[in-house]
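The structure appears right after this line, and notes come after that.
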Number of protein chains: 2
Amino acid sequence: MPTSTFFNLSQAKQQRLLAAAQQEFSRVPLAEASISKIVAAADIPRGSFYQYFTDKADLYYYYSEYLHKQDRHSLLSSLQAADGDLFAAFRDYFSQLADEIINGPNAAFYRNMFLNMTYKNGRRVTSATQKNHGHHGHKDFYAAVDFSRLKISTHHELGMLMHILMSALFQSLGSYYIRQQQGEQVTVAQLNQEFQQAVDWIEHGVAIN
Amino acid sequence: MPTSTFFNLSQAKQQRLLAAAQQEFSRVPLAEASISKIVAAADIPRGSFYQYFTDKADLYYYYSEYLHKQDRHSLLSSLQAADGDLFAAFRDYFSQLADEIINGPNAAFYRNMFLNMTYKNGRRVTSATQKNHGHHGHKDFYAAVDFSRLKISTHHELGMLMHILMSALFQSLGSYYIRQQQGEQVTVAQLNQEFQQAVDWIEHGVAIN
DNA sequence: TTCTATAATGACAAATTGTCATATAAGCGA
DNA sequence: TCGCTTATATGACAATTTGTCATTATAGAA
């Protein structure tokens, strides 16, 4: 998390840093990002950067959360709209998100994000997804799930299921990028259909009978 | 892939490099690995490294495949043993693998591998998994799957399903490492049970009815 | 004005990466 | 054995990068 010093900065300076973050993290994934390039773009002295952030990951996650706050969509609202149906929520969430991620102004950033999502930082993003809009995160989310439709009882099991659904979501996006890289034309509609398919499998099973 | 120059090296020198690779990639994930440390450990001049490999990723994937070849297990053999039952194959494969990955001599390497697996390099490892033991990869594997038990017809759909099952496998391992990091005691048996659960869900669905 | 806590700054050491000119060695035909 | 060609080996080097830290500057309170 940024230091209090960062938050005391003028809005203008904070924005310069966020803009530089967007630029650099859209250019390359986190691991390859250069603090030198960021401070150059934001036009702040190198020493100052370390006064605000512990390292580039610190800025990266702050920027991710900042982006996420801009976003109107949330898995929780989809869940509430779907009356607690977890699968319907994921379907709805994905269809809202896919377009923004692929065609929105931050497409390059998301591309690097999804192609380089690891289990480690995936947890971080996932929990941000559930913590949106002033809610308390997991608790609120769990409370909104209609368990009566699921072969699931414990929170731990729900956690596992969420992970599987989330990976399916990442898979879909990841495969989109890869296929596009290989020259294949993939539409958002097609992608959407594939994700719906994956959710169907998890909801009703892939085995016959 | 390593250059022919590398393969012309004496076995001893090749082994020195592989040992250094194991050491460094067990210490830190690929992104943080240092070529300087590797050449120091292998006691070869820096310039030579670039004569053999294009970069550290090149060595990394070569080492992964080398490790994988040592491994007796393969998803394909599990599939053949299970008479084409994809789910049974995954259950069997996982239970064979988990112990080796977690308690075997390369545990530290695998830990870095699974915690930092991205969609991009995940594909690479996944295809190595299917390409084991002199087989031709996807073709052989697809041919061994009993489609009559699946709500699936096309190869593309099978590819999607494989991705979901593979992510579930990565999830399970990833969550193991995270929980252990947090001080929680998790046994391999427990982990195994959770993965079986996940496969059950995908096989028969999570929804009631 | 003086003191104090907070923030800004950029020079610096340490490390890393990939390249390249130069030095070795190896193979081979005469 | 002598050249000659091709394949390897080697380590110095420029270019970056990272995180730190001593030094300045600023602002608010007494």
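From a predicted model like this one, the values you see are computed outputs, not experimental measurements.
The side chain of B/Tyr52 places no N or O atom within less than 4.0 Å of a non-bridging phosphate oxygen (OP1 or OP2) of D/dT8. For the OP1/OP2 pair of C/dG18 and a distance below 4.0 Å, the side-chain nitrogens and oxygens of B/Lys56 include no atom meeting the criterion. In this structure, A/Thr5 reaches the C/dA7 phosphate: one of its side-chain N or O atoms is under 4.0 Å from OP1 or OP2. Contact annotation: A/Lys37 does not reach the phosphate of D/dT16 (side-chain N/O to OP1 or OP2, under 4.0 Å). Neither OP1 nor OP2 of C/dA8 sits under 4.0 Å from any side-chain N or O of A/Ser48. Residue B/Ser36 has a polar side-chain atom (N or O) positioned under 4.0 Å from OP1 or OP2 of C/dT17. Considering only side-chain N and O atoms, B/Asn8 lies under 4.0 angstrom from the phosphate OP1 or OP2 of D/dT8.
Using a 4.0 Å heavy-atom distance criterion, B/Leu9 is classed as a sugar-phosphate-only contact.
B/Leu30 has its CG atom 14 Å from the C1' atom of C/dT17, to the nearest Å. Note: CD1 (A/Ile38) to C1' (D/dG19) measures 15 Å, nearest angstrom. Atom CZ of B/Phe49 is separated from atom P of D/dG11 by 17 Å (rounded to the nearest Å). Put simply, OH on B/Tyr50 is 13 Å from C1' on D/dG11, counting in whole angstrom units. The nearest whole Å value for the distance from the CD atom in B/Gln51 to the P atom in C/dC20 is 13 Å. Remark: P of C/dA15 and CD of B/Glu24 are 14 Å apart, rounded to the nearest angstrom. Distance B/Ile35 CD1 to D/dT17 C1': 15 Å, rounded to the nearest Å. In this entry the distance linking CG of B/Leu17 with C1' of D/dT8 reads 14 Å, nearest Å.
For B/Phe7 and B/Tyr52, the ring centers are positioned 6.0 Å apart or more. Between A/Phe53 and A/Phe6, a ring centre-to-centre spacing shorter than 6.0 Å is recorded.
The residue from B/Phe114, B/Tyr176, B/Tyr110, B/Phe195 that alone fulfils the ring pair (Phe, Tyr, Trp, His ring centres under 6.0 Å) condition with B/Phe170 is B/Phe114.
Distances from the side chain of B/Arg46 to the nucleotides C/dT9, C/dT17, D/dT18 place C/dT17 closest. Of the candidate nucleotides C/dT9, C/dG18, D/dT10, C/dG18 has the atom nearest to the side chain of B/Asp55.
Between the side chain of B/Gln96 and the backbone N or O of B/His73, no donor-acceptor pair lies under 3.5 Å.
Side-chain contact check for A/Thr5 and A/Asn8: no donor-acceptor pair (N or O, by modelled atom type) lies under 3.5 Å.
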